[in-house]
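Just follow the structure's listing: the first ligand is 1, and inside any ligand the first atom is 1.
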Amino acid sequence: MRHTESVRELREGSRIAKVMDEDALDKIAEDQGYARSIQASKRVRWDIDDDVIRGRQFDTTHKFLPDGLSLADGFTTLSADEKRFVSQIQGRTYANIFGLVERFINAKVLELSHDHWFGNQIALEALVRFSDEELKHQALFRRIDAMVGDVLPHGYRFDVDPDGVAQVVLGKSTWAVLALTLDIELFTQLHYRQSIDPDTELSALFKDVFLYHWKEESQHALLDELEWVRHDAGLTSEKRDRAVDEFIALVGAVDGILQAQAKADARYFAATCGRAVDDDEAQAIAAAFLKAYRWQYIHSGAQHPRFGKVLSSLITEKQGQRIQAALATLQ
Ligand SMILES: [Fe+2]
Ligand SMILES: [Fe+2]
């Protein structure tokens with residue numbers, strides 16, 4: 001009897017030791033992730049004027065977004081010159097959408113940094129750098145918006161208030177905001193890959209915007225993942241289930257912004273393209289803008305393999321189906 005008990009104790013002891021080992025290994029991997037992001041952040045650090053803009057201006061003989069992002073082929077009634085104009089309008093909207101999402105991303109990162117104030121100083125430094133970079137990116141995109149405004153016709157509008165959107169987004173749970181944030185920060189990687197396609201008509205300055213933004217966003221995606229998994233570990237299954245619905249609601253809210261901007265950009269195109277556009281064509285152009293924006297800002301991130309991998313490791317199959325069903329309505 002005593003022998004049986006001691007074997008059981010040994011087995012339980014070794015099981016506890018194994019669990020402790022796994023926890024310790026997770027902790028080491030987590031610390032290495034934060035440290036790696038700091039090293040990379042220091043290595044790639046860039047300056048808006050010295051590295052990205054370098055005294056250049058936009059030239060309207062070039063496309064601003066590559067065809068793979070602007071989905072130029074979908075604008076079936078337009079000439080090649082008009083498709084180039086569409087890519088320039090989308091380029092200005094690209095700058096504005098990033099300026100918008102980086103407002104709430106930065107606020108969430110600063111809020112999450114609170115968890116590390118008195119603990120892991122490596123994690124704290126990684127998040128402080130993340131925040132600093134997002135402030136710089138917002139400044140870059142404000143510059144790009146103004147510089148594109150200098151070379152395109154008057155009348156462009158982007159009427160969404162970044163602070164108002166941030167208030168709504170930050171009203172949702174951290175889990176949901178981090179899911180949306182990882183989606184966004186992963187798609188900048190795909191956008192960069194699209195922009196390096198050999199395309200002699202693409203603006204060298206806009207190419208550099210993609211390149212330099214991607215360099216710092218790669219670290220952000222790593223940190224989003226670390227913070228999302230860390231935060232997820234403290235949630236009950238009920239809270240996580242509600243957060244899945246909140247994530248779906250946030251994607252719907254992003255889509256609402258994209259729908260309004262697609263209409264605004266199509267109106268701007270029709271008013272400034274120099275020829276008459278009838279109602280049917282105007283509707284087709286607005287639909288093509290919306291398809292491109294949904295691809296750029298929702299699906300290209302949601303379909304990213306890393307996003308799918310992290311998301312599916314945190315949720316049940318049924319929750320995954322709920323998300324897929326919601327995304328499928330945005331086509
Ligand atoms: Fe950014
Ligand atoms: Fe970022």
Novice: Running the 4.5 Å side-chain criterion over Ile, Leu, Val, Met, Phe, Trp and Tyr, what cluster does Phe118 land in, apart from itself?
Specialist: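 Members alongside Phe118: Trp117, Leu124, Val128.
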Novice: Using residues 159-172 as the side-chain source, report each donor-acceptor pair under 3.5 Å to any protein atom, sequence neighbours left out, with the distance given to one decimal.
Specialist:
unit_1, atom_1, unit_2, atom_2, d
Asp159, OD1, Arg157, NH2, 3.4
Asp159, OD2, Arg157, NE, 2.9
Asp159, OD2, Arg157, NH2, 3.4
Asp161, OD1, Asp163, N, 3.2
Asp161, OD2, Gly164, N, 3.0
Asp163, OD1, Arg103, NH1, 2.6

Novice: Is atom NZ of Lys83 surrounded by more than 12 heavy atoms (other residues, nucleotides or ligands) closer than 6.0 Å?
Specialist: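 Count over threshold, so yes.
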Novice: Distance only, no hydrogens: is a donor on one side chain within 3.5 Å (strictly under) of an acceptor on the other, for Thr77 and Glu281?
Specialist: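 The criterion, which ignores hydrogens and geometry beyond distance, is satisfied for Glu281 and Thr77.
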Novice: Scan residues 150-181 for pairs that pass ring pair (Phe, Tyr, Trp, His ring centres under 6.0 Å), counting only residues two or more places apart or in two chains.
Specialist: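 Ring pair (Phe, Tyr, Trp, His ring centres under 6.0 Å) check on residues 150-181 returns Tyr156-Tyr268, Trp175-Trp228.
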Novice: State the count of protein N/O/S atoms located less than 2.8 Å away from the Fe ion (ligand 2).
Specialist: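 Atoms of protein N, O or S type lying less than 2.8 Å from the Fe ion (ligand 2) total 5.
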Novice: Could you check whether Glu216 pairs with Arg129 (Lys NZ or Arg NE/NH1/NH2 to Asp/Glu carboxylate O, under 4.0 Å)?
Specialist: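 Salt bridge between Glu216 and Arg129, a charged N being under 4.0 Å from a carboxylate O: no.
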